[in-house]
S.K.: 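The structure follows.
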Amino acid sequence: MQLATWNINSLSVRLPQVVAWLAANPVDALCLQELKLTDDKFPFAALQEAGYHAVAMGQKTYNGVAILSRSPLRDVVRNIPGHDDQQARVIAATMDTATGPVRLVNCYFVNGQEPGSEKFAYKMRWLQALHDWLRTELAAHPRLALLGDFNVAPEDRDSYDPVGLRETIHHTTEERAHFQALLALGLTDAYRMFEQPEKAYSWWDYRMLGFQKNRGLRIDHILVSEALRGTVKACTIDRAPRKNPQPSDHAPVVATLD
DNA sequence: ATGGCGATTCCAAATCGA
């Protein structure tokens, strides 16, 4: 079984690339972030044609998340229950597989812009709410994967310039503490379960030849619960779509499980 | 220190992303 996550920065623009990527990478589930479109504009038909069911939580212009899957999705939850939020950032659903159900939690974490800002404070509140909800979600669904654009570089090795960017957004002590709190729930960063190349990132700035110079951050992650941990066989970042004409600034992350 | 690119929207200067 393969699970993937990809921030596609506008599904309207990137739909052809998503369909092409799925044809070349027929994963069982793909979590998308930054749809930037409302549900009435979501391309259910084109994705069905590509062989995928889909559930979505969209919004005009900003944010928006969806889960695509080979098999039907059930028990869909949109945004964090009990956490009032104007922004479409979370969608969770259960996928039945040969080895049992898997709970998929797809998140577009808050960016936060700048430490000390109101947006950063919103990021901290959102991270706390996610953590508190995931505790109950994990109890209800032991086989759980948390996938998405976390907007956090968990460690110095996840940044192209950890010294120059110390305590800037995605690198702050507070954001990293929240990431560690998610791990403390029993989740494991699938990418770090395996030996990986040096300077491996999942996002590169469009500006200043960021990708060509590999000035990137590893901010897109797949975390797996204790019950799934032993079944994870591989986790990779697929840099190929970042080389496409008109690419997303993020690359897909793929986890392979038994 | 700032902007640099790309997408979106009251269609075009402003906002947001990371």
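Quick note on labels: first sequence line is chain A, next is B, and so on, each numbered from 1.
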S.K.: Give me, pair by pair, the N or O atoms of the protein and of nucleotides 5-14 of chain B that are less than 3.5 Å apart, along with how far apart they are.
M.R.:
unit_1, atom_1, unit_2, atom_2, d
B/dA7, OP1, A/R14, NH1, 3.2
B/dA7, OP1, A/Q246, NE2, 3.2
B/dA7, O3', A/S10, OG, 3.4
B/dT8, OP1, A/S10, OG, 2.6

S.K.: Quick one: ring-ring contact (aromatic ring centres under 6.0 Å, His included) partners of A/Y108, sequence neighbours excluded?
M.R.: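 By the ring-ring contact (aromatic ring centres under 6.0 Å, His included) rule, A/Y108 matches no residue at all.
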S.K.: Who passes side-chain hydrogen bond (donor to acceptor under 3.5 Å, both in side chains) against A/S248, sequence neighbours left out?
M.R.: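 For A/S248, no residue satisfies side-chain hydrogen bond (donor to acceptor under 3.5 Å, both in side chains) once neighbours in sequence are set aside.
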S.K.: List the residues meeting side chain to side chain contact (heavy atoms under 4.5 Å, CB included) with A/K119, not counting sequence neighbours, and say none if there are none.
M.R.: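 Here the qualifying residues are A/Q113, A/S117.
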S.K.: Taking ILVMFWY side chains as joined if any heavy atoms are under 4.5 angstrom apart, and letting links pass through other members, which residues group with A/L47?
M.R.: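 Reading the cluster by chain and number, A/L47 sits alongside A/W6, A/I8, A/L11, A/L15, A/V18, A/V19, A/W21, A/L22, A/V27, A/L30, A/L32, A/L35, A/L37, A/F42, A/F44, A/Y52, A/L68, A/V254.
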S.K.: For DNA chain B, what dot-bracket results from Watson-Crick or G-U pairs at under 3.5 Å, with [ ] for crossers and | for inter-strand partners?
M.R.: ....(((((...))))).
S.K.: Supply the members, apart from A/M208, of the Ile/Leu/Val/Met/Phe/Trp/Tyr cluster built from side-chain contacts under 4.5 Å; use none for a lone residue.
M.R.: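 Taking Ile, Leu, Val, Met, Phe, Trp and Tyr as members, A/M208 stands alone, with no cluster partners.
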S.K.: Going by the rule side chain to side chain contact (heavy atoms under 4.5 Å, CB included), which residues pair with A/V76 if we only count those two or more places apart in sequence or in a different chain?
M.R.: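 Here the qualifying residues are A/V55, A/R78, A/I91, A/A93.
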S.K.: Not counting sequence neighbours, which residues clear side chain to side chain contact (heavy atoms under 4.5 Å, CB included) with A/Q128? List them please.
M.R.: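 Applying side chain to side chain contact (heavy atoms under 4.5 Å, CB included) to A/Q128 gives A/H131, A/D132, A/H178.
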S.K.: Indicate whether OP1 or OP2 belonging to B/dG17 is found under 4.0 Å from a side-chain N or O atom of A/H170.
M.R.: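 Answer no for this pair, as no side-chain N or O of A/H170 is under 4.0 Å from OP1 or OP2.
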S.K.: Within residues 148-157 of chain A, find the residues that approach DNA chain B with a heavy atom at under 4.0 Å, and present them sorted by residue number.
M.R.: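 Here the set is A/D149, A/N151.
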S.K.: Residues two or more places apart in sequence or in another chain: which of them pass side chain to side chain contact (heavy atoms under 4.5 Å, CB included) with A/T61?
M.R.: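 So A/T61 forms no side chain to side chain contact (heavy atoms under 4.5 Å, CB included) with any residue.
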S.K.: Show every salt bridge (Lys or Arg N to Asp or Glu O under 4.0 Å) that has at least one partner inside residues 10-34 of chain A, sequence neighbours left out.
M.R.: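 Not a single pair qualifies under salt bridge (Lys or Arg N to Asp or Glu O under 4.0 Å).
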